[in-house]
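In listed order, ligands and their atoms are each counted from 1. No experiment lies behind these values; they were computed from the predicted model shown.
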Amino acid sequence: MRAGPRPACQDERVRTDPAPKTTSPFLAACRGAEPERVPVWFMRQAGRSLPEYRKAREGTTMLEACRTPELVCEITLQPVRRYGVDAAVFFSDIVVPLAAIGVDIEIVPGVGPVVAEPFRTESDADRLRNLDPCDVGYVTEATGLLTKELGDTPLIGFAGAPFTLASYLIEGGPSRDHAKTKALMRSRPDLWHAIASRLAAICGEFLRVQVEAGASAVQLFDSWAGALSEADYRRYALPHSTAALMSVADAVPRIHFGVGTGHLLEAMAETGAEVSGVDFRIPLDQAAARLPGKPLQGNLDPTAILADPAALLAETDEVLRAGRAAGTHIFNLGHGVLPDSDPDQLARVVDHVHEVTGP
Ligand code: CP3
């Protein structure tokens, strides 16, 4: 990690020792060591599926919530209290660092991130200045509060990968085919690499801030990388994701996840991330055959949570069975919790994974 004096805005009182918490099954599995049970957490475990989340969020926009340390702390803890998951995931959003450097971006309910002036030109690339830790002092503060509250439960920090962030900036919002982004890559590779390398610096710094404040692992979300062919992924996305992940190399375990990225498993692993997140479209034993010995995270289909309990637990068992082929297995969904999910069903999965794999 970067040495040197801490900026004044990073308050020493909220800082905690980011030393590895070795008793954690989650951290053991991340490092490829045999955990005492298969650890489990869920992407988007904090959020609209929880009534206590909806109550806490009343009257506050998503980005305002992300900038309010006490609220971030409360919302991050909610699923840990309710489910006894093996890790907490920091409540924030992939666009928080972009808003923090002054990009006019909003998270529109039911839509996703929307950018007021989409990025098209060199002068747009110049709008992506470096992130200063002081721009996100609320993240440092919330992380410090959380690591105290969480005790031995590790906190996962995260960032969006450059390709996924660039897609929001270039398209102006969510997109099905990422056509403008892919057209810009091909017609203006110089401009593409300028935008993506600035995003890599921003998301690398965002990860570093979270780790310095006490996060014990990070996840890089490249949710939309599945839209790229392997050749395009290698040319346009891989170098920038690798650069972003480098910022916390040797500091904490790094998880790398994408959706519909079965064809990119090997290429994404070349970023150097310790753990590969696998979406629900590829069985874990197939992923393990392609990434021998690698810690794998995943990959219950999020819609399985909406099925009846017997079907849900049968599918959970199937994921556990296939996961035994992996170096180590961290149980998760194959994408985020759907808003309509019944929290009792998620609780059933956590209890079941712990019961059947625990001592
Ligand atoms: O996982 C967690 O519990 C931590 C919090 C988290 C959020 N966003 C909170 C959130 C994480 C890890 C993210 C990452 C994120 N954000 C990704 C990558 C993961 C993925 O799902 O692929 C992406 C693509 C985004 C962008 C984004 N932000 C979308 C598509 C949306 C949904 C918009 C909607 O209303 O349907 C958001 C908003 C958002 N981020 C919500 C939450 C809890 C919902 C906002 C609300 O409660 O109103």
Please work out whether any backbone atom (N, CA, C, O) or any side-chain heavy atom from C-beta onward of [X] is under 4.0 Å from ligand 1, and answer side chain, backbone, both or neither.
X    : answer
F42  : neither
A46  : both
P174 : neither
Q219 : neither

Report yes or no: is the cationic atom of R127 (NZ for Lys, CZ for Arg) closer than 6.0 Å to the six-membered ring centre of F119, at no more than 45° off its axis?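 Yes - R127 lies over the ring of F119, closer than 6.0 Å to its centre and within 45° of its axis.
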Can you find an N or O of G110 that's nearer than 3.5 Å to an N or O of ligand 1?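 Yes - when backbone and side-chain N and O of G110 are compared with those of ligand 1, one distance drops under 3.5 Å.
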Got an N/O contact under 3.5 Å between M62 and ligand 1?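 No; every N/O pair is 3.5 Å or more apart.
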May I ask you to check whether W224 and Y168 show a side-chain donor-acceptor distance below 3.5 Å?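 Y168 and W224 do have a side-chain donor-acceptor pair below 3.5 Å.
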Taking the inter-plane angle between the rings of H178 and F163 on a 0 to 90° scale, is it parallel (under 30°), tilted (30 to 60°) or perpendicular (over 60°)?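 Rings of H178 and F163: tilted, as their planes differ by 30° to 60°.
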Among all protein heavy atoms, pick out the one at the shortest distance from atom 30 (C) of ligand 1; state its residue, atom name and that distance to 0.1 Å.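 Of every protein heavy atom, Y168 OH, 3.7 Å lies nearest to atom 30 (C) of ligand 1.
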Please identify which atoms of ligand 1 are closer than 4.0 Å to at least one heavy atom of [X].
X    : result
H335 : 20 (C), 21 (O), 22 (O)
G112 : 33 (C)
S223 : 18 (C), 19 (C), 20 (C), 22 (O), 24 (C)

Could you see if F280 belongs to whatever hydrophobic cluster contains L300? Use Ile, Leu, Val, Met, Phe, Trp, Tyr and a side-chain cutoff under 4.5 Å.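 F280 does not cluster with L300.
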Show your working on salt bridge (Lys or Arg N to Asp or Glu O under 4.0 Å) between D232 and R186 and close with a plain yes or no. CA-CA 9 Å; D232 285 346; R186 291 192 167 88; 2.6 Å; yes
